[in-house]
Amino acid sequence: GGTAPCAPAVPQPPDRITVFFGGDNSCAAPLFGAIQSLLANNPERSFAVHVATTGLDDAYRRRLADIAARHGAEAWLHSVSGDMIEGLPISDRISTASYCRLLMPKLLGPEVDRALYLDCDLIVSGDIGPLWRTDLGDALVAAVADPGADRSRRTALGLLPEHRYVNSGVLLANLAVWRREGFAEQVVGFLRRFPHRIEYHDQDGINACLRGRVRYLSCVWNYMPYLSGTREHEEHPRIESGELAPAIVHFAGTRKPWIERLGDRWGEQYERFARADGKGQLAIAPPRAAPAVTKSTCRRFCVVTGGRSG
């Protein structure tokens, strides 16, 4: 298999933010809510939005094109399957599409030296320009620490005491270093060698292989409402009081606003963006199984090219 770009490779424009999602039919509803929120809340930013999918219906593909065109963004859809992610652990909550983030170095091409990976189950509620400009140095990622990993989880993954476990739902990835050191291949290798140690799928594998090479971020860049009431991050009290607004709200955990109405301000924000296509109703997609990954192929095509100069 191979990759067929629809435009020649050019250096990554310094003002263009490359954002990467992974998804399939089962997560189409939150995916479009996330993309709508990203573009609507960053009207002055220039974006290249990439969606890697192991299966997405034509209607959803057209919707991606419509959203991108409405906001003047560039959008790419990558239809992927491959030996690299074939046979990795999945569950009723985690599909093969979750592993698409590990394909970023190959799908985005050598001209893209950094990318912002976002999970589908979040909304962007503020300007992500400061996040994009984070100095990565030689770090593999910039990410927010996840207090959900207890000592036994950290021990199983071989983390040293000074290494904080991070949530992989928001990752500013240093792709130049990923490629140079084969980081994605290291993660896949760990997942295949130690499946008995894995609880949170590729998030565990990513943490096991980071070895502390992380630029730790404020939780405003990955605020998880299920941690409400805890003091795991110093910003939590200010966020919960309304004094500080998170730029990204991540619906980690079991409660999802496209499955049930949450009845809080975060759920209301999701509903607003899910309705932003003008249809006046929530974009709830019935869960469907993604097709099995059976062979090494990758097909890339440009859904729509728009864009701003600044």
Side-chain angles (χ1 to χ4, degrees), residues 3 5 9-22 34 38 42 45-52 74 76 78 80 84-85 98-119 122 124 127-146 149 157-160 162-191 200-222 247-248 250 298 300:
T3 299
V10 294
Q12 186 174 19
D15 62 339
R16 180 171 298 167
I17 300 175
T18 300
V19 184
F20 190 95
F21 295 89
L38 168 72
N42 289 268
R45 302 291 179 191
S46 175
F47 286 99
V49 177
H50 295 256
V51 178
E74 180 181 297
W76 296 77
H78 304 265
V80 303
M84 181 175 177
I85 59 175
S98 172
Y99 295 101
C100 285
R101 77 190 96 191
L102 300 177
L103 301 176
M104 283 191 292
K106 293 184 177 180
L107 295 180
L108 297 182
E111 71 277 8
V112 180
D113 58 10
R114 68 167 54 194
L116 177 61
Y117 169 81
L118 297 177
D119 269 356
L122 54 74
V124 178
D127 179 17
I128 64 168
L131 171 59
W132 180 250
R133 293 190 295 270
T134 299
D135 181 11
L136 290 170
D138 203 41
L140 287 156
V141 299
V144 173
D146 188 333
L157 298 176
L159 273 63
L160 298 178
E162 63 269 25
H163 296 166
R164 301 169 71 189
Y165 186 96
V166 300
N167 183 275
S168 62
V170 178
L171 294 175
L172 182 62
N174 192 343
L175 295 184
V177 178
W178 280 39
R179 294 187 187 100
R180 185 175 71 232
E181 302 186 9
F183 177 69
E185 291 79 5
Q186 291 178 36
V187 173
V188 172
F190 182 90
L191 294 170
Y200 299 116
H201 301 83
D202 60 326
Q203 178 170 277
D204 277 356
I206 288 169
N207 273 277
C209 297
L210 283 173
R211 300 184 181 89
R213 292 176 58 189
V214 179
R215 183 62 54 89
Y216 294 102
L217 299 171
S218 162
C219 75
V220 300
W221 300 114
N222 187 357
I248 298 175
H250 182 193
C298 174
R300 180 172 79 163

Query raised in the report: Any side-chain heavy atom of Arg16 sitting closer than 4.5 Å to one from Phe47?
Result: no
Query raised in the report: Do Val19 and His50 come close enough that some side-chain heavy atom pair is under 4.5 Å?
Result: no
Query - Backbone of Gly109 reached by a side-chain donor or acceptor of Arg179 within 3.5 Å - result: yes
Requested in this report: Find the distance between CG (Leu140) and CZ (Arg180) and round it off to the nearest 0.5 Å.
Outcome: 9.0 Å
Query - pair Gln203-Asp146: side-chain heavy atoms closer than 4.5 Å - result: yes
Query raised in the report: Parallel, tilted or perpendicular: which describes the rings of Phe20 and Tyr117, with under 30° parallel and over 60° perpendicular?
Result: tilted
Query - cation_pi(Arg114, Trp132) dist<6.0 Å, angle<=45 - result: yes
Report task. Quick one: pull up CH2 in Trp178 and CG in Asp113 and give me the separation to the nearest 0.5 Å. Result -> 13.5 Å
**Report entry** Exam field: side chain Arg213 to backbone Asp138, donor-acceptor pair closer than 3.5 Å
**Finding:** yes
Query raised in the report: Is it the case that Asn167 and Tyr165 place a side-chain donor and acceptor less than 3.5 Å from each other?
Result: no
**Report entry** Any donor-acceptor pair under 3.5 Å from Thr134 side chain to Leu136 backbone
**Finding:** no
Report task. Measure the shortest side-chain to side-chain distance between Arg101 and Asp202 over non-hydrogen atoms and say whether it is less than 4.5 angstrom. Result -> yes
**Report entry** Within 45° cone of Tyr216 ring axis and under 6.0 Å: Arg164 NZ or CZ
**Finding:** yes
Requested in this report: Verify whether one side chain among Arg211 and Gln186 offers a donor that lies under 3.5 Å from an acceptor in the other.
Outcome: yes
Report task. Drop me the distance from Cys209's SG to Glu185's CD, to the nearest 0.5 angstrom. Result -> 10.5 Å
Requested in this report: Show the numbers, then the answer: is there a salt bridge (charged side-chain N to carboxylate O under 4.0 Å, His left out) between Asp15 and Arg45?
Outcome: CA-CA 8 Å; Asp15 62 339; Arg45 302 291 179 191; over 6 Å; no
Query raised in the report: For the side chain of Asp119 and the backbone of Val170, is there at least one donor-acceptor N/O pair under 3.5 Å apart?
Result: no
Query - Leu118 and Ile248, any side-chain heavy atoms less than 4.5 Å apart - result: yes
